[in-house]
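Each remark here refers to the structure printed beneath this line.
For the numbers below, each heavy atom of this structure counts, side chains included, while hydrogens, waters and symmetry mates do not. Just so you know, ligand 1 is whichever comes first in the structure, and atom 1 is the first atom listed for that ligand. It should be emphasised that the depicted structure is a prediction, and the values quoted were computed from it without experimental measurement.
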Amino acid sequence: MNVLEWPSQSPDLNPIENLWKDLKTAVHKRSPSNLTELELFCKEEWAKMSVSRCANLVESYPKRFAAVIAAKGGSTKYYFMLYEYLCTLDFSVFYFLKIMIIRVMYHFAFTSQLSVTSFPTVFSSSKVKHELVANYSHLFWVQGSRPELQPYMLLAHTDVVPASEDDAWEVPPFSGDEKDGFIYGRGTMDDKGSVMGILAALEYILMKGYTPQRGFYIGLGHDEEVHGLNGAVNIVRLLKERGVKLLFVLDEGSAILDGILKGLDGPAALIATSEKGATVLKLSVSMPPSHASMPPRETTIGILAAAVKRLEENPMKRLFGLGPEGGMFEHLAHKFRFPLNFVMSNLWLFAPLIARIMERNETTNAFVRTTTAVTMFNAGVKENVIASYAEAFVNMRIHSAQTLKEVHSVQRWSTVGDPRVKIEVVYGFDPLPISPYDETSFGFQIIKKTVLDMFPSMIVAPGMCIANTDSRHFKDLSSSIYRFTPAIYKPGDAQRFHGINERTSRENYEGMVQFFFRLFQNCDIKKLPDVSLDHN
Ligand SMILES: CCCCCCCCCCCCCCCC(=O)N[C@@H](Cc1ccccc1)C(=O)O
């Protein structure tokens, strides 16, 4: 028998993928509540698979071949049917499986479709070297005509958090549908918009025959939403092995805010010069299980629930003004309406007052303190058994004026405050260093100039990223790391990140392409006013 080479992760060529889909649908409908049930339901549903279903799938082979050949090896309707289905799965036992499969599929769509059809010049230009890192991340090197100039790097990521249609999206989250001038879909803001914006700008500048003087890298991670430990970390490792040092790095993490900061006249472009630290703590309580008819005075669930409640009722202390957000508000002060302009210019006096106002809103509260979010709570196996084990996960984002060590000790000794609650650190890292933003900082000034080229009257100020980005892995390659996407966000938009109805306006997307197109050229300017070109 002649055994042909077979692309194992090509869902449109492998009908077995459809059977996996059938199996998952059937098991999902039965809602297994633990691993034993999951295994049992899988076996039972697998045994029910009909011979005719298998025969039909095998018969579809010739059509699949024809479709793949017609798509020149690209994706076909068989792939997309399966993909669409996967996007409808909810958060359940399939959560991790789903992330993994969706990631593989996105990669598949990305490499096979985008490269050939959407960005032909990028992928065929002799100036561009493209390589896959850790199988799914992309590293581009765009050769400059002056190798003596230090390169810079743009970052974005192709992976996304899950989205469920059950969550009442206005359009299906993976449709990419356009409605009222907005492109909807998971990833449009975080962070496929940037991926497409950067590549479209590169395609365009190459098509125009522009040869950049300063070489640059583009890194597109595939696992930012799960820490970037394979994508960004391996890109950094490769660059380190090659002895690369970067003039500056630009990633997602802040934007142009319009109407979000109350009292500010007009939109402000906030170029984040740092990002918060983070830690996840696992709290757990154990005790022997017992019969629900003879409950102990306190249960694992009750003890843990009380600890979690204490965490929510005792937020970390206010630190407003002691980190880079202080500089941000001082820069913006003169653009606030009276009396806020006076208040903001005198943070040394008014910071505690402003902090109290800002903490009332969940977005601005993130600038005031280390935040505490209880994100997962698991306990119990049966409704008439006292749970022997309860666990909760607490996600904290650490304010720049605090350290990881300090946060851990506060939680351990004062807030949780119950020795029966075991506290384990799942992971943690300190707030990131503050990148320079004075007149001699090339990266900051070039990003600012590019914003001003597009929006001449825009307020531009250093900002702070309240979440985390892949750029944190690059701190050994550059001391100038900035987080900024040239998109305009209005009230309500912050909630679309990881939420429902994620979308980008046509203008924002076009602005993104324009921004990177101009940035590529601005990085070639000979001299900043009174600055040396290669300052880092
Ligand atoms: C003053 C008002 C500010 C309003 C902010 C408006 C939004 C500005 C853009 C924000 C972009 C945020 C980008 C976030 C990327 C992201 O989600 N990263 C993830 C990374 C991560 C993954 C797993 C565990 C820890 C960390 C995250 O931070 O959760």
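- Atom CZ of residue F350 and atom CD1 of residue I357 lie 10.5 Å apart, to the nearest 0.5 angstrom.
- Taking the six-membered ring where the residue is Trp, F429 and Y427 present parallel rings, their angle staying beneath 30° rather than reaching 60°.
- Contact atoms of ligand 1 toward L261: 1 (C) (distance under 4.0 Å to a heavy atom of the residue).
- Residue D190 touches ligand 1 through its side chain alone, judged by heavy-atom distances below 4.0 Å.
- Under the 4.0 angstrom criterion for non-hydrogen atoms, A278 is not in contact with ligand 1.
- Put simply, part of I260 is less than 4.0 Å from ligand 1, judged by heavy atoms.
- Here Y489 contributes atom OH and L257 contributes atom CG; the two are 9.5 Å apart, rounded to the nearest 0.5 Å.
- Looking only at protein heavy atoms, the nearest one to atom 28 (O) of ligand 1 is R397 NH1, 2.7 Å.
- Shortest contact from atom 9 (C) of ligand 1 to any protein heavy atom: F497 CZ, 3.6 Å.
- When each atom of ligand 1 is checked for a heavy atom of E252 under 4.0 Å away, the hits are 13 (C), 15 (C).
- Scanning G253, A272, P491 for the heavy atom closest to atom 12 (C) of ligand 1 points to G253.
- Within the 4.0 Å heavy-atom shell around ligand 1 one does not find R483.
- Listed by number with element, the atoms of ligand 1 under 4.0 Å from a non-hydrogen atom of A467 are 14 (C), 28 (O).
- Closest to atom 4 (C) of ligand 1, if we only count protein heavy atoms, is T363 CG2, 3.4 Å.
- E362 CD: 12 or fewer foreign heavy atoms inside a 6.0 Å radius.
- Ranking protein heavy atoms by distance to atom 25 (C) of ligand 1, first place goes to Y427 OH, 3.2 Å.
- Nearest non-hydrogen protein atom to atom 21 (C) of ligand 1 is E224 O, 4.2 Å.
- Between R496 and D493 a salt bridge is recorded (basic side-chain N to carboxylate O distance below 4.0 Å).
- Residue contacts with ligand 1, taken as heavy atom pairs separated by less than 4.0 Å, involve E225 via backbone and side-chain atoms alike.
- At least one test fails for R503 against the ring of Y509: distance under 6.0 Å to the centre or angle within 45° of the axis.
- Listed by atom number, the atoms of ligand 1 under 4.0 Å from H498 heavy atoms are 17 (O).
- Only the side chain of L257 comes within 4.0 Å of ligand 1, counting heavy atoms alone; its backbone N, CA, C and O stay farther away.
- If you check which protein heavy atom lies closest to atom 8 (C) of ligand 1, you get S254 CA, 4.1 Å.
- With no hydrogens or angles considered, a side-chain donor-acceptor pair links R397 and N395 at under 3.5 Å.
- Checking each of E325, K317, R318 against H399 for a side-chain hydrogen bond (donor to acceptor under 3.5 Å, both in side chains) leaves exactly one that passes, namely E325.
- Taking 4.0 Å as the cut-off between side-chain N and carboxylate O, E252 and R483 do not count as a salt-bridged pair.
- Under the 30°/60° scheme for interplanar angles, the aromatic rings of F517 and Y204 are found to be tilted.
- Set against the non-hydrogen atoms of F367, the atoms of ligand 1 under 4.0 Å away are 1 (C), 2 (C), 3 (C).
- Of the protein's non-hydrogen atoms, N468 O, 2.7 Å is the one closest to atom 18 (N) of ligand 1.
- Under 3.5 Å, the side chains of H138 and H130 contain a donor-acceptor pair of N or O atoms.
- Salt bridge absent: E330 and K335 never bring a charged side-chain N and a carboxylate O closer than 4.0 Å.
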